[in-house]
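These notes concern the structure reproduced below.
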Amino acid sequence: MGRDLLANPPLLSTARPDFTCDLSTEQPPDPFNALNQRVLSILCPTTSDVGYISLLKISSDYKGEPGFSIRMRSVISLLGAFIAAAVFQTGSCVETVIGLYGETIEVPCNNGNNKPDGLIFTKWKYVKDDGSPGDLLVKQAQKDEATVSATDGYKSRVSIAANSSLLITQGSLTDQRVFTCMVVSLTNLKEHSVEVKVYKKPSAPVIKNKAKELENGKLTQLGECVAESANPAAYLIWMKNNQPLVDDGKTIIITSAITKDPATGLSSTSSRLQYTASKEDVESQFTCTANHVMGPDQVSAPETFPIHYPTEKVSLQVVSQSPIREGDDVTLKCQADGNPPPTSFNFNIKGKKVTVTDKDVYTLTGITRADTGVYKCSLLDNDVMESTQMVTVSFLDVSLTPTGKVLKSLGEKLEVSLEKNASTEAKVTWSKDNRKLDELPEFSKLTYSDAGLYVCDVSIEGIKRSLSFELTVEGGPNIMSLTKRRSNDGKHKILTCEAEGSPKPDVQWSVNGTNDETSYFNGKATYKLTVVPSKNLTVSCHVTNKLGFDSRNISVFSLFEEHKSKPEKNEDGAEQAKVIVGVMVGLFLAAALVGLIYWLYIKKTRQGTWKTGEKETGTSEESKKLEENNHKADV
């Protein structure tokens, strides 16, 4: 068929003639047989594309053959039509595909639109590192398997998918090149070029070569951040407390570099940070963020750095409970704001210099009021940088007179004195038998009600003293009253005997009865006796204690006689009437007696005068005697 094609060339057209590329068929001897094979080698995909260069070479090789000019013009016209159509269909845009490192890369052939009518074959080729073309594989339309024509590293790595995409296993950076898909049909030839880029995400960033410490105000290399094995190279950003650091060329200097692995071609990015720290960076967290097209951002583990700076201030603390009391242990603690902090200090203990090493405390044991004063601490190498504290020891001394048990007699005087000595003004409160007093009473003349337990509380902040005395007032018993009354039901007589005395007097009644109740408070005792008198009685209340006794009587009428004589009157009214009558009778008898005596005296005096004839006046002695007798008679 090759001869027919050359002998009868068609008119110029973008449509390609029907032909076969089978060059292995035996051909009869013909001077143009070799020419046919050379032309077919241009069109057939089993050989490299030679284009116009091959065509020019054919022209020179067969220039002297008979009929060459006519046939050659036909061939060139036909070939030109194919080339023009191919160039028109391919265009100048190149598609880009991203593949992942180490995985299978799929290179599409015209995005799947690669099965035209009359498809003859599909061919994949690529551009080698030196720019020359290289064949990979051919897939005939009528065959299931593709023929791999690659002889380099692609030989075992390439295959073709059902949609004519090129599959490249174990993707690497060497696959970053242009691959071309050629689709040949009975009517057309199309080429689709695709540029492959291979990406790889970097490993997590790590901060290496970290500084042991940073110095305040000094530019120091903080560390080096590294993100390895990436394509394209990662972009590193230094962060402080999640805020990006910007290179200002003075206090912050960031130097970045990219290196490639010669074996894999992968890139590693390193970034060195030089940083000028301040005291505020003691708790700052530094991180490194790796930014990559494959995303998302990766962040290194946070790092903190000790910041060294000199001491600017010394402070002295008093470690003790407040307030400080005599006998307490007091610890003085000296601190400095430098970093690292000083470990040794000088303490000034009331004018005496004491040096402590490898610690920052000094303890005063069993402190006394004499230890009150100003204390200081300073650096070993700088006494000017010091701190002072005033230590005040609280104390309270109290003396009470009297104390303990105090025994006094009724009517005596008791003097109470309180002496106190304190570091601050003391508060004094008094109480008697657990009841608060506004002030301590004056005991100029003791009474039974003054007896009790007196407690004196003296206090200042943090210290309290309690002193007490128990006062007992003693006296002999004295009956204050003895009364009687009828019970509510009128069937009994109730006798009440009230007496004072301390210790509490004991009572004895002269009659039998029922002791209803007894009370004793502030030296006053009350005794009650219930009786049912069957006749008139004289009842005695007798009280005694260790200091003496007292007794008093009372008349009690029989309940039965009262009912018979004057049931409507009470016993007290009857007795009052009897007393009034008795008094009146007594006064009458006394007046009569005085009158009788006076009459007898006058009579006797007149008889003597008549007998003697003396004057009635008599002598001076007689007159005195007479006056005395008259006076006696009046009494």
Side-chain angles (χ1 to χ4, degrees), residues 320-328 368-369 392-483 494 496-507 515-529 541 543-550:
S320 175
Q321 62 179 0
S322 180
I324 301 172
R325 301 171 297 183
E326 284 191 306
D328 290 345
T368 66
R369 66 189 68 180
T392 301
V393 181
S394 298
F395 61 90
L396 176 61
D397 300 329
V398 181
S399 175
L400 177 65
T401 303
T403 58
K405 294 184 178 294
V406 179
L407 180 62
K408 289 289 182 179
S409 298
L410 182 68
E412 275 192 290
K413 180 179 181 181
L414 175 63
E415 292 185 356
V416 179
S417 64
L418 175 67
E419 296 180 357
K420 57 185 182 299
N421 180 30
S423 55
T424 58
E425 183 66 24
K427 180 181 179 181
V428 180
T429 59
W430 285 93
S431 65
K432 177 190 176 185
D433 297 331
N434 295 323
R435 294 190 302 272
K436 187 177 180 181
L437 301 175
D438 293 334
E439 60 181 4
L440 182 68
E442 293 185 3
F443 303 115
S444 58
K445 188 176 181 181
L446 291 173
T447 64
Y448 291 123
S449 61
D450 292 327
L453 176 62
Y454 291 85
V455 178
C456 176
D457 292 325
V458 185
S459 63
I460 62 175
E461 185 183 1
I463 305 177
K464 181 179 180 180
R465 301 278 189 264
S466 293
L467 300 174
S468 65
F469 66 90
E470 186 175 4
L471 175 62
T472 301
V473 180
E474 291 187 339
N478 177 36
I479 295 177
M480 300 171 60
S481 67
L482 177 59
T483 60
I494 299 175
T496 302
C497 184
E498 293 182 346
E500 286 185 335
S502 179
K504 177 184 177 183
D506 294 326
V507 66
N515 289 309
D516 290 339
E517 58 182 86
T518 300
S519 64
Y520 184 75
F521 180 72
N522 283 340
K524 182 179 180 180
T526 301
Y527 309 96
K528 291 187 179 182
L529 181 70
C541 175
V543 291
T544 61
N545 66 10
K546 68 179 183 178
L547 299 178
F549 66 92
D550 193 12

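- Contact check for Ile479 versus Cys497: side-chain heavy atoms found under the 4.5 Å cut-off.
- Residue Pro477 comes nearest to Asp550 through the heavy atom pair O-CB, 3.7 Å, listed as atom of the first residue, atom of the second, then distance.
- Residues Tyr527 and Thr496 have side chains not in contact (no heavy-atom distance under 4.5 Å, counting atoms from C-beta outward).
- With rounding to the nearest 0.5 Å, the separation of CG in Asp450 from OG1 in Thr472 is 12.0 Å.
- Residues Tyr520 and Ser502 have side chains in contact (heavy-atom distance under 4.5 Å, counting atoms from C-beta outward).
- A search for side chain to side chain contact (heavy atoms under 4.5 Å, CB included) contacts involving Glu500 returns Tyr448, Met480, not counting sequence neighbours.
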With side chain to side chain contact (heavy atoms under 4.5 Å, CB included) as the test, would you mind laying out the steps for Asn421 and Leu396 before giving the verdict? CA-CA 6 Å; Asn421 180 30; Leu396 176 61; over 6 Å; no
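- Heavy-atom contacts from other residues, nucleotides or ligands closer than 6.0 Å to CZ of Phe443 number more than 12.
- Counting only heavy atoms from C-beta outward, the side chains of Val416 and Pro402 approach each other to under 4.5 Å.
- In this structure, Ala451 and Asp433 approach most closely via the heavy-atom pair O-OD2, 4.4 Å.
- Between the side chains of Thr447 and Ser449, at least one donor N or O lies within less than 3.5 Å of an accepting N or O.
- Among all heavy-atom pairs drawn from Gly475 and Leu410, the shortest one is CA-CB, 4.5 Å.
- The shortest distance between side-chain heavy atoms of Leu414 and Leu471 falls below 4.5 Å.
- Heavy-atom minimum distance, Pro323 versus Asp328: O-OD2, 4.1 Å.
- Ring orientation note: the planes of Tyr454 and Phe469 are close to parallel, at an angle under 30° on the 30°/60° scale.
- The minimum heavy-atom distance linking Cys456 with Val428 is given by the pair SG-CG1, 3.9 Å.
- Here Lys464 pairs with Asp457, Ser459, Ser466 under the side chain to side chain contact (heavy atoms under 4.5 Å, CB included) rule; sequence neighbours left out.
- Between Thr424 atom OG1 and Ile463 atom CD1 the span is 8.0 Å, to the nearest 0.5 Å.
- We find the SG-CG distance between Cys541 and Leu529 to be 9.0 Å, quoted to the nearest 0.5 Å.
- In this structure, the separation between NZ on Lys408 and CG on Leu446 is 7.5 Å, given to the nearest 0.5 Å.
- For Lys420, the NZ atom counts as loosely surrounded, since its 6.0 Å shell holds 12 or fewer non-hydrogen atoms of other residues, nucleotides or ligands.
- Residues Leu437 and Thr429 fail the side-chain proximity criterion, which asks for heavy atoms closer than 4.5 Å.
- Taking CG of Asn478 as the start and CD of Glu498 as the end, the distance is 11.5 Å to the nearest 0.5 Å.
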Steps toward side chain to side chain contact (heavy atoms under 4.5 Å, CB included) verdict (Glu425, Ile460): CA-CA 7 Å; Glu425 183 66 24; Ile460 62 175; over 6 Å; no
Between Lys445 and Lys413, does the side chain to side chain contact (heavy atoms under 4.5 Å, CB included) criterion hold? Intermediate values first, please. CA-CA 5 Å; Lys445 188 176 181 181; Lys413 180 179 181 181; over 6 Å; no
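- Annotation: side chain of Glu419 is not in contact with side chain of Val398 (no heavy-atom distance under 4.5 Å).
- Between Leu453 atom CG and Lys432 atom NZ the span is 10.5 Å, to the nearest 0.5 Å.
- Ion pairing between a basic and an acidic side chain is recognised when a charged N comes within 4.0 Å of a carboxylate O; Lys546 and Glu474 show such pairing.
- Between the Arg369 side chain and the Ser394 main chain, no donor and acceptor come within less than 3.5 Å of each other.
- Between Pro503 and Asn545 there is a side-chain heavy-atom pair separated by less than 4.5 Å.
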Dump the intermediate steps for side chain to side chain donor-acceptor pair (under 3.5 Å) on Thr368 and Glu326, then the final yes or no. CA-CA 5 Å; Thr368 66; Glu326 284 191 306; 5.1 Å; no
